[in-house]
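Along the sequence shown, residues are numbered consecutively beginning with 1. Just follow the structure's listing: the first ligand is 1, and inside any ligand the first atom is 1. Note: hydrogens, waters and symmetry copies are ignored here, and every other heavy atom, side chains too, is used.
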Amino acid sequence: MLIMKFGGTSVGSAERLQGVFALLKDAQDKKQSIVVVLSAMSGMTNSLIEGAQKAVKRDLKGALQIAAAIGDNHVQAIESLFVKSDTSMQLLREIQNHMQELEVLYKGVSYLGELTKRSMDAVSGMGELMSSKIMAAYCQSHGLNAKWMDARQFVVTDDHFGKANPLWDKLTPKTRETLLPILEKGTIVITQGFIGATEEGASTTLGRGGSDFSASIFGVALEADEIQIWTDVDGMMTADPRVVKDAVVLPEVSFQEASELAYFGAKVLHPMTIAPAVEKNIPVRILNTMAPDRQGTIIKESTKPKGIVSAIASKKGIVAFFITTPRMLMTHGFLVRIFEIFEKHETSIDLIATSEVSISITVDRLDTISAIAADLAHYGQVKVVRDVAIVTVVGEQFRDQSGIAGQIFDAMRKTNILMISGGASDINMSFVVSDDQADNAVQQLHQAFFAKTAAVK
Ligand code: ADP
Ligand code: ASP
Ligand code: MG
């Protein structure tokens, strides 16, 4: 069984949806059992969220304009894909219903002047429902044996709105009992990424970019043979191709390397995607919807050795806390108290560096900064630096080879490094630099470690 997940650009226009159809037809012709996981059409989730943000600021007119544009975008796709028929009329009615629901939600938010995470999830998950309905109808009207399924029926999550966690004990049996009978008949399941629901039936989302995570959830629940992530690049690359134009595709990446890269900013994969796949040892393949014949990247347990560095990633918009205190000297339990503060504010720590009198910590959550800083102030002098970035170098050879740190520092000699962290995983080395130096640091590192590869390409 295959899980095929298509990202926003892959379903971003009528033409792209036709491209996805061709891939599904090909897979069904090969008698593969397939669950298709779709994102919202590109830009739609951002627009849905922007509308809600306008509504809560009492700009209802602006919010409704956004809703109208979202509706138009889907109507246009339907009009390009279908001749006027019962199917197209039915689809248009469904889009209209979603738009009415969206308007009601925006009005509610605007009148109350309150936007809860719960309402935001009801709004932001709508794009996936619409794109998947269009895709399913298109497949059915072109002779493909496919069925649209609402992921909220089986992706059972907790009520951590905005970043819900799967409740595996409920989710797995529910997914299996709902989807397996359909798949056994040779029918393709077309469903949504990103969304789920609590046991009580409230809509949730898994966090931005979470459709990749959905694909891996389905893969694990259904014990798939492979999880395919279809996107707008040729695979996982040595760096973000938007930052480094010479970046090259990595044919093979280990689970551990992929997790580190995704966690530290390689947007091509949501950071939560790999962990479930590791548990069941299911390979994850990244492929380009626009160039489906290319080899892509396979992510699996172990891979052939690569060069010293496998890839470089960066994550911007981070905050760093620097705590200095002479009291740390020789006291046990100090770090625990510091960590408790982050725990209390439900803020997870990305990087840590400590010395005998100071500790540096980075986080990517911005709304708890002041509260954390206030609590930390009881323990010492606190400096908060915003707009910093983490630059991470990943390589499986770090474990066995010496002198690599020297080469990395040499490549970064022109960058002002604010913090260094060796990486608990022993395959990464991370640096904190200011946001505006991050791209440059990535480019310098790439130049140092991949210049030869790029030249061959
Ligand atoms: P989708 O909408 O298909 O989920 P995303 O925009 O989330 O696609 O992810 C694909 C993007 O990830 C690429 O366009 C690329 O700019 C970015 N990216 C960042 N780092 C990497 C990397 N190491 N390899 C490939 N792509 C990367
Ligand atoms: N549409 C959602 C987002 O933009 C989920 C995804 O595309 O992965 O965050
Ligand atoms: Mg994505």
Side-chain angles (χ1 to χ4, degrees), residues 4-13 16 19-20 37-50 70 120-121 123-132 151 155 162-164 191-196 204-217 227-251 253 257-273 284-291 294 296-297 299 309-316 389-394 438-439 442 445-446 450:
M4 297 174 82
K5 177 260 165 177
F6 295 91
T9 353
S10 306
V11 295
S13 64
R16 295 268 38 95
V20 172
V37 181
L38 297 182
S39 285
M41 295 177 79
S42 57
M44 292 299 105
T45 314
N46 284 348
S47 296
L48 287 160
I49 292 171
E50 200 191 326
I70 294 170
M120 186 59 114
D121 274 1
V123 166
S124 65
M126 237 178 235
E128 271 68 12
L129 290 167
M130 294 191 278
S131 64
S132 58
V155 179
K163 209 172 186 177
T191 190
Q192 308 78 39
F194 188 47
I195 60 171
T204 54
T205 66
L206 304 174
R208 293 305 309 270
S211 295
D212 301 334
F213 185 27
S214 301
S216 127
I217 289 174
I227 298 161
Q228 295 185 344
I229 306 290
W230 290 83
T231 184
D232 60 355
V233 284
D234 283 346
M236 195 163 230
M237 304 173 83
T238 47
D240 184 343
R242 279 183 242 189
V243 177
V244 177
K245 61 177 185 343
D246 288 340
V248 289
V249 177
L250 296 160
V253 175
E257 286 173 315
S259 295
E260 297 284 341
L261 288 167
Y263 189 73
F264 288 110
K267 190 182 170 228
V268 66
L269 208 60
H270 185 274
M272 302 286 278
T273 317
V284 177
R285 200 181 287 276
I286 303 183
L287 293 151
N288 188 344
T289 330
M290 265 79 76
R294 299 209 181 131
T297 299
I299 303 168
V309 166
S310 305
I312 302 149
S314 65
K315 190 169 154 185
K316 292 186 183 168
I390 300 177
V391 173
T392 300
V393 185
V394 171
D439 287 355
V442 172
L445 285 162
H446 199 274
F450 297 102

Checklist line | Heavy atom of Met44, distance to ligand 2 below 4.0 Å | finding: no

Notebook entry, point to check: Hey, is the main chain of Ser216 close enough, under 3.5 Å, to the side chain of Thr273 for a donor-acceptor pair?
Noted result: no

Margin query: Please list, in number order, the atoms of ligand 1 under 4.0 Å from a heavy atom of Gly235.
Written below: 24 (N), 25 (C)

Check: Are any side-chain N or O atoms of Ser131 and backbone N or O atoms of Ser39, one a donor and one an acceptor, separated by less than 3.5 Å?
Finding: yes

Next item on the list: Tell me which part of Lys5 gets within contact of ligand 1: side chain, backbone, both or neither, using heavy atoms under 4.0 Å.
Entry: side chain

Notebook entry, point to check: Of all the non-hydrogen atoms in the protein, which one sits nearest to atom 4 (O) of ligand 2, and at what distance?
Noted result: Arg208 NH2, 2.9 Å

Margin query: Could you tell me if the side chain of Val11 sits less than 4.5 Å from the side chain of Arg16, heavy atoms only?
Written below: no

Next item on the list: Return the residue, atom name and 0.1 Å-rounded distance of the protein heavy atom closest to atom 24 (N) of ligand 1.
Entry: Met237 N, 2.8 Å

Margin query: Tell me whether Gly7 reaches ligand 2 (any heavy atom closer than 4.0 angstrom to a ligand atom).
Written below: no

Notebook entry, point to check: Which of the listed options, Thr289, Ile286, Val268, holds the heavy atom that is closest to atom 9 (O) of ligand 1?
Noted result: Val268

Note to self: Does the structure place the NZ or CZ of Lys315 under 6.0 Å from the centre of the six-membered ring of Tyr263, at an angle of no more than 45° from the ring's axis?
What the structure shows: yes

Checklist line | Residue Gly210 vicinity, atoms of ligand 2 by number, heavy atom under 4.0 Å | finding: 5 (C), 8 (O)

Next item on the list: Take every heavy atom of Ala313, measure it against each atom of ligand 1, and state whether any distance is under 4.0 Å.
Entry: no

Item checked: Atom indices of ligand 1 within 4.0 angstrom of Lys267 heavy atoms, with elements -> 5 (P), 6 (O), 7 (O), 9 (O), 12 (O), 19 (C), 20 (N)

Note to self: Can you name the atoms of ligand 1, numbered from 1 with element, that are less than 4.0 Å from a heavy atom of Ala239?
What the structure shows: 22 (C), 23 (N)

Notebook entry, point to check: Starting from atom 1 (P) of ligand 1, which protein heavy atom do you reach first, and at what distance in Å?
Noted result: Thr231 OG1, 3.6 Å

Item checked: From Thr231, Thr289, Asn288, residue fulfilling side-chain hydrogen bond (donor to acceptor under 3.5 Å, both in side chains) relative to Ser10 -> Thr289

Next item on the list: Show which atoms of ligand 1 fall inside a sub-4.0 Å distance from at least one heavy-atom site of Met236.
Entry: 24 (N)

Notebook entry, point to check: Can you find a non-hydrogen atom of Gly209 under 4.0 Å from ligand 1?
Noted result: no

Next item on the list: For residues Ala40 and Glu128, report the shortest heavy-atom separation together with the two atoms involved.
Entry: N-OE2, 3.0 Å

Checklist line | Nearest non-hydrogen partners of Phe450 and Val309, listed with the distance | finding: CZ-O, 3.4 Å

Note to self: Considering non-hydrogen atoms of the protein only, which is the closest contact for atom 10 (C) of ligand 1, and what is the distance?
What the structure shows: Asp232 OD1, 3.4 Å

Check: Does Asp240 approach ligand 1 within less than 4.0 angstrom via side chain, backbone, both or neither, non-hydrogen atoms only?
Finding: both

Notebook entry, point to check: Are the side chains of Lys316 and Asp439 in touch, meaning some heavy atoms are under 4.5 Å apart?
Noted result: yes

Note to self: Check contact between Val233 and ligand 1, using heavy atoms of the residue and a distance below 4.0 angstrom.
What the structure shows: yes

Notebook entry, point to check: Nearest heavy-atom pair of Asp234 and Ala291: which atoms, and what distance?
Noted result: OD1-CB, 4.3 Å

Notebook entry, point to check: What residue among Asp240, Ile312, Thr392 forms side chain to side chain contact (heavy atoms under 4.5 Å, CB included) with Val442?
Noted result: Ile312

Notebook entry, point to check: What pair of heavy atoms forms the shortest contact from Ala313 to Phe264, and how long is it?
Noted result: CB-O, 3.4 Å

Next item on the list: If you have a sec, work out which protein heavy atom is nearest atom 6 (C) of ligand 2 and how many Å separate them, to one decimal?
Entry: Ser211 OG, 3.3 Å

Notebook entry, point to check: Any heavy atom of Ser10 sitting closer than 4.0 Å to ligand 1?
Noted result: no

Next item on the list: Would you check whether Gly193 reaches within less than 4.0 Å of ligand 2, judged by its heavy atoms?
Entry: no

Check: Which protein non-hydrogen atom lies closest to atom 7 (O) of ligand 2, naming both residue and atom, and how far is it?
Finding: Ser39 OG, 3.1 Å

Notebook entry, point to check: Considering distance alone, does some N or O of Phe194 sit under 3.5 Å from an N or O of ligand 2?
Noted result: no

Notebook entry, point to check: Among all protein non-hydrogen atoms, which one is nearest to atom 2 (C) of ligand 2, and what is the separation to 0.1 Å?
Noted result: Glu128 OE2, 3.4 Å

Margin query: Under a 3.5 Å distance rule, please check whether Ser214 uses its side chain to pair with a backbone N or O of Phe194 as donor and acceptor.
Written below: yes

Check: Do Ile299 and Ile286 come close enough that some side-chain heavy atom pair is under 4.5 Å?
Finding: yes

Notebook entry, point to check: Starting from atom 11 (C) of ligand 1, which protein heavy atom do you reach first, and at what distance in Å?
Noted result: Arg242 NH2, 3.6 Å

Item checked: Stepwise side-chain contact (heavy atoms from CB on, under 4.5 Å) test for Ile195 and Leu129 -> CA-CA 9 Å; Ile195 60 171; Leu129 290 167; 3.8 Å; yes

Check: Which bit of His270 is near ligand 2, meaning a heavy atom under 4.0 Å away: side chain, backbone, both or neither?
Finding: neither

Notebook entry, point to check: Side chains of Asp121 and Thr204: do they bring a donor and an acceptor to under 3.5 Å?
Noted result: no

Next item on the list: Distance to 0.1 Å, residue and atom name: give those for the protein heavy atom nearest to atom 2 (O) of ligand 1.
Entry: Gly8 N, 3.1 Å

